[in-house]
Asker: 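Before anything else, here's the structure in question.
In the text below, chain A, chain B and the rest are named by the order of the sequence lines, each starting its count at 1. These figures come from a predicted structure and were not determined experimentally.
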Amino acid sequence: MKTVTLPPDTALRRLMRRRRDDSLWSRLLRRRDVVLALAVLGALALVALLAPVIAPHDPVDQDLLHRLEGPSAAHWLGTDESGRDVLSRLLYGTRVSLGASLLAVAVAAGLGVPLGLLAGYLGGALDLALSRVADAVLSIPGLVLAIAIATALGPSLTNAMLAVGVVYAPGFYRVVRGSTITVRGQTYVHAAIVTGCSTWRIIGRHVLPNVGTPIIVKVFLTFGYAILAEAGLSFLGLGVQPPLASWGSMLKRAVRYLEQAPALVILPGLVILIAVLAFNTVGDGLRDALARRDREPS
Amino acid sequence: MIAYFGKRLLGAAVVLFVVSVITFGLALLIPGDPAIHIAGEHATREEIAAVRAELGLDRPFPVRYLDWATAAIRGDLGTSLYNSEPVTEILAARLPVTLSLALAAMAVAVLISLPLGTLSALRPGGVLDRAISAVTALAVATPSFWLGLLLILVFAITFPVFPATGYRPLSDGLGAYAAHLALPAITLGVAAAVEPTRQLRAALADVLDTDYIRTARAKGLLPVTIVRKHAIRNAAVPYVTVIGLETGQLLGGAVVVETVFGLPGLGTLAEITVTRQDLPVLQGIVLAATLVVIAANLAVDLAYRWLAPGEAG
């Protein structure tokens, strides 16, 4: 039998290579920083889920004889001002901080995505009104609005994160509205209209799947912001209430001991930094991969 | 020019109207009856009714909004629930502190982003570009109040160069004023420098790739001269836009940073107000902060006309 060998640079070969490499995820996974960031996020998710199993101590267990101690065999990262184990509090804090940020992102997407779809697809007065509201919300400094809403609702972590979700909703709205307007002009949407599909069916079955990737990018980037917002609001006393701890509330308590025990301030901040960096890296990586795909249509 | 600016003013007025409705609507979010809250839990039904009438809570929402808005336009934002001081006076006393901080932070952001953005644009993808992009990624992920605490730790406690906390007005002398603003301004400015750096890099890299720059290079001009004389003005429009857009971000960040450094501005006011649940003051803070953002955006629009007279429309 005779095998056919293609010359090294034929169009067919290039096409085959592109087929193999062109999926968004394979583009993404070729970037080492993104892979590392995904690993960090996986580890954080595991810590959040398994905190009770892996934490060496009870995070609220006080031991006033061993306050503000440095690292030891019993307390790997030392103890805080009430003699509580810092490592265990950080591990449990992962659960509180990530859970709270997830809530904020869910609220932001839950408001922004459907409204963006409707405004982008239907246009007209609805679009005009919703876009004005989005402009207005975006022109209020985010943290100031979050503080005002959270204060009105009463101080609790849930209320604070609902507020953060409202603040970030216009971001989702704008991204989804813009993508929807592009998709609406496509032939397959016209075809669906002609074949008599209902508006809801078109939005759900034809538009939504095609605006999915920008939404995923936005989810990752908003998650990073939400972690920072949670930390900021907890630092102001609007977030998680004691004795529970999030990364931000640990920082708030540690400020008073900045001179005596700087590690209490440095550690939670470092964890926040790493988490936000990981979310941003994945989000940016996805966005870049997406932009490159759109620039080189196959 | 006047027509253009008028259009922008009208847009700003619409935004301000919607923001004012949102701000006033915050009161609706408070769980329970505010009249009971103020009259106290053991008040009689008549006392509660009296408070309701006094606060105007017995009238429909749009009527109450109109009253509040017309008073607000005259500069009357009501009085604090905590100490009955007029909200406008409370805000006026603190606004200069927050504006000083925001302007100083903006200056820091420009001082950081101008050189960093230019350097990375000179050789996109080069070692310097990648290093700068790593630094900006770190800066955007850093909680600002944490950076502030680290700065206090290093520059106020370990090496006492700057005061750790507090504020001196400009009337106490420029030295004291600047020394107390330095660390908070750096804290806020670092985060605010990220987007302008990225924007300047992208815009400048595009400009440096054009034919007229290639001509300038071929003439043998130094890269510094090319950027300064030929490229920077064309990359300035997106850069100025982003700087303007950072205002909102700066004012939001100022809340936490003022708290860290004990600056008596709108931010610390917001923090105090939270524990007191003083809604009129909080509404005033939201409105004042939004007004500053809207003013900054109008200033950016004006800057456009100066930077690119033909383009803005």
Asker: For A/Arg132 versus B/Val18, what's the shortest heavy-atom pair and its separation?
Answerer: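 Closest approach of A/Arg132 to B/Val18: O-CG1, 4.5 Å.
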Asker: What part of A/Leu270 gets within 4.5 angstrom of chain B, counting heavy atoms only: side chain, backbone, both, or neither?
Answerer: both
Asker: Which value, rounded to the nearest 0.5 Å, describes the distance between A/Ser139 atom OG and B/Ile294 atom CD1?
Answerer: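 Taking OG in A/Ser139 and CD1 in B/Ile294, the distance rounds to 5.0 Å.
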Asker: Between atom CD of B/Glu271 and atom OG1 of A/Thr151, what is the distance when rounded to the nearest 0.5 Å?
Answerer: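 Those atoms lie 10.5 Å apart.
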Asker: Do you know which of B/Gly267, B/Gly253, B/Ala289 has the most heavy-atom pairs under 4.5 Å to chain A?
Answerer: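 The answer is B/Ala289.
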Asker: Who among A/Leu233, A/Leu145, A/Asp135, A/Val265 has the most heavy-atom pairs with chain B under 4.5 Å?
Answerer: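 Looking at each option in turn, the highest pair count goes to A/Val265.
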Asker: Are there over 12 heavy-atom neighbours, none belonging to A/Tyr92, within less than 6.0 Å of that residue's OH?
Answerer: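 Counting neighbours around OH of A/Tyr92, more than 12 heavy atoms of other residues, nucleotides or ligands fall under 6.0 Å, so yes.
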Asker: Assess whether atom CD of B/Gln199 is packed by more than 12 heavy atoms of other residues, nucleotides or ligands within 6.0 Å.
Answerer: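 Atom CD in B/Gln199 is packed in, count exceeds 12.
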Asker: What I'd like to find out is whether the side chain of A/Leu236 reaches to under 4.5 Å of the side chain of B/Val274, using heavy atoms alone.
Answerer: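 Result no, sub-4.5 Å side-chain heavy-atom pair not found.
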Asker: Can you tell me if OH on B/Tyr82 sees more than 12 non-hydrogen neighbours from other groups inside 6.0 Å?
Answerer: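 Atom OH in B/Tyr82 is not crowded, with 12 or fewer foreign heavy atoms closer than 6.0 Å.
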Asker: If I measure from the heavy atoms of chain B, does A/Ile227 come under 4.5 Å with its side chain, its backbone, both, or neither?
Answerer: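 Neither part.
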Asker: Checking heavy atoms, do the side chain of A/Leu238, its backbone, both or neither come under 4.5 Å from chain B?
Answerer: side chain
Asker: Looking at A/Leu277 and B/Ala141, what are the two nearest heavy atoms and their distance?
Answerer: N-CB, 3.6 Å
Asker: Need one label for B/Val19: side chain, backbone, both or neither, based on atoms under 4.5 Å from any heavy atom in chain A.
Answerer: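 Answer is both: backbone and side chain atoms of B/Val19 are under 4.5 Å from chain A.
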Asker: Under 4.5 Å heavy-atom distance to chain A, tell me which part of B/Val140 shows up: side chain, backbone, both or neither.
Answerer: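 Looking at B/Val140, backbone and side chain both touch chain A.
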Asker: Between A/Leu258, A/Val255, A/Ile272, A/Asn280, which residue shows the highest count of heavy-atom pairs closer than 4.5 Å to chain B?
Answerer: A/Leu258
Asker: What residues of residues 143-153 of chain B sit under 4.5 Å from chain A when only non-hydrogen atoms are counted?
Answerer: B/Pro143, B/Phe145, B/Trp146, B/Leu149, B/Leu150, B/Ile152, B/Leu153
Asker: Measuring heavy-atom distances to chain A, does B/Ile22 have an atom under 4.5 Å in its side chain, in its backbone, in both, or in neither?
Answerer: side chain
Asker: Do you know which of B/Val14, B/Val15, B/Leu29 has the most heavy-atom pairs under 4.5 Å to chain A?
Answerer: B/Leu29
Asker: Please classify the contact between B/Thr142 and chain A as side chain, backbone, both or neither, with a heavy-atom cut-off of under 4.5 Å.
Answerer: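 Both backbone and side chain.
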Asker: Tell me, for B/Leu28 versus chain A, whether the close heavy atoms (under 4.5 Å) come from the side chain, the backbone, both or neither.
Answerer: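 B/Leu28 has no heavy atom closer than 4.5 Å to chain A.
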Asker: Quick one: what part of B/Leu26 sits under 4.5 Å from any heavy atom of chain A, side chain, backbone, both or neither?
Answerer: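 Interface part for B/Leu26: both.
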Asker: Taking all heavy atoms of B/Val286 and all of A/Ala148, pick out the closest pair and write down the distance.
Answerer: CG2-CB, 3.7 Å
Asker: Just wondering, are more than 12 heavy atoms of other shown residues or ligands nearer than 6.0 Å to OH in B/Tyr65?
Answerer: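 Enclosed.
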Asker: Of all the heavy-atom pairs spanning A/Leu143 and B/Gly252, show the shortest one and how long it is.
Answerer: CD2-O, 3.5 Å
Asker: For chain B, which of A/Leu228, A/Ile274, A/Asp284 has the most heavy-atom pairs under 4.5 Å?
Answerer: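 Of the options given, most contacts go to A/Leu228.
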